[in-house]
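Computed from a prediction, not measured in an experiment: that's the story for all the values here. First listed ligand is number 1; within each ligand, the first listed atom is number 1.
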Amino acid sequence: MYNKRSLTNLANLSKEEIKKFIDSFDVLLTDCDGVLWLENQVYDGSPQALNSLRDLGKKIFFVTNNSTRHRDEFLKKAQKMGFTCEKEEIMTTSYLAANYLKEINFDKKVYVVGSKGITSELEEVNIKYSPIGPDILDCDLMTYIENVKLDPDVGAVVVGFDQHISYPKMLKAASYLNDPNCHFVATNTDERFPIGIGGIVKPGSGAVVRSIETCAERKPFVIGKPETYITEAIKKCCNIDPKRTLMIGDRCNTDILLGTRCGYQTLLVLSGVTNLEDVRKWKESDKKEYQDLVPDFYLGKLGDLLTLIN
Ligand SMILES: [Mg+2]
């Protein structure tokens, strides 16, 4: 039998219990999409709630699997929406992928299957990369294979969200990865984006990563949640006591699972991907893989915390 998480609705707690909850953490990691905003739409009350926690002395990190923006763009977006925020507090998977290569003293070129979010972060740490954007098959496959040129300077393949994913990109990435010394880094493995429009599913980075993983016959080093590299990076700039750390997210198989793996307290907000019915089912399960997805606390939306604090 595994430790069942309490799945407590914060809205049902007394004033004293809320105070005890707020006093129980010093560091807060928050997911962004589905918690603070949805794409370019800020959620009501979320800047005020997060800023109040900061005023109470909480150290805050913005932890996102999104790889499509440079941290400066993220910072601008968050500040424009009313969040008090500094660049050092923003942990995107594109920044961390570049940071990882820098840490291992990587000095070759990166073949990028991804977007400008990744290449701009590589630039910041002076790592060379191949051009991004469309790379299409414009002749028959045999002619292409006979003429394709691989760059001998490439020593790593970094894969993230790439709306131009194509057969030539898969072919090149897998060919580079045939060399066991070539590093294989994936930003994240989210299956889809939180919302599609009019019933359209928007495939996420995970779909791109899996396609390359399949033909490369190798597993990548994954940067994003629920893998724990993000928290290793945070530990380098901030003392973390797991029991006094809170992870807030809207998605249980990334955000909450990361919190569980790290021994953090976890808070699910219901303003994004995961719904409460699913969490209740997981809570009833005896399987550890489901139990690990169950948060300690939940709340309708982050903005509701503001009312509870005051
Ligand atoms: Mg989210």
Side-chain angles (χ1 to χ4, degrees), residues 7 10 28-47 49-50 53 60-69 71 73-75 77-78 81-83 85 89-97 115 117 160-161 186-197 201-209 222-231 233-234 245-262 264-279 282 292-305:
L7 192 61
L10 283 183
L28 186 167
L29 277 56
T30 180
D31 174 49
C32 300
D33 250 303
V35 177
L36 308 180
W37 58 67
L38 196 60
E39 303 218 342
N40 289 318
Q41 191 63 45
V42 64
Y43 283 157
D44 262 0
S46 63
L50 210 57
L53 291 169
I60 296 172
F61 289 96
F62 298 76
V63 173
T64 174
N65 274 0
N66 192 316
S67 70
T68 62
R69 289 169 194 263
R71 277 183 306 158
E73 287 173 78
F74 240 96
L75 182 67
K77 173 177 173 170
M81 286 177 171
F83 295 96
C85 175
E89 298 168 348
I90 301 172
M91 298 286 163
T92 67
T93 51
S94 45
Y95 159 64
L96 291 168
S115 69
F161 178 68
T187 57
N188 63 304
T189 56
D190 295 42
E191 299 84 359
R192 323 170 155 189
F193 283 85
I195 47 154
I197 297 161
V201 169
K202 205 173 154 195
S205 308
V208 180
V209 171
V222 180
I223 300 286
K225 300 168 285 185
E227 303 308 325
T228 55
Y229 178 73
I230 280 187
T231 55
I234 291 175
T245 300
L246 177 70
M247 175 76 216
I248 306 178
D250 69 302
R251 189 169 182 143
C252 286
N253 68 351
T254 53
D255 306 321
I256 302 305
L257 185 55
L258 171 72
T260 302
R261 285 178 173 175
C262 294
Y264 301 161
Q265 300 187 64
T266 49
L267 166 60
L268 175 73
V269 288
L270 301 171
S271 51
V273 173
T274 303
N275 64 63
L276 194 56
E277 289 72 45
D278 284 340
V279 186
W282 299 332
D292 284 352
L293 302 176
V294 179
D296 298 308
F297 306 100
Y298 73 92
L299 196 60
K301 61 180 198 300
L302 188 64
D304 296 347
L305 201 56

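Closest approach between the Mg ion (ligand 1) and any N/O/S atom of D31 involves OD2. Take the N/O/S atoms of D33: the one nearest the Mg ion (ligand 1) is O.
Checked against the 6.0 Å centroid threshold, F161 and F193 count as a close aromatic pair.
Among the backbone and side-chain atoms of D250, an N/O/S atom is found under 2.8 Å from the Mg ion (ligand 1).
In this structure, W37 and F74 have tilted ring planes: the angle between them lies in the 30° to 60° band.
L270 approaches L276 most closely through the heavy-atom pair CD2-N, 4.0 Å.
Side chains of I90 and Y95 form no contact here, defined as non-hydrogen atoms less than 4.5 Å apart.
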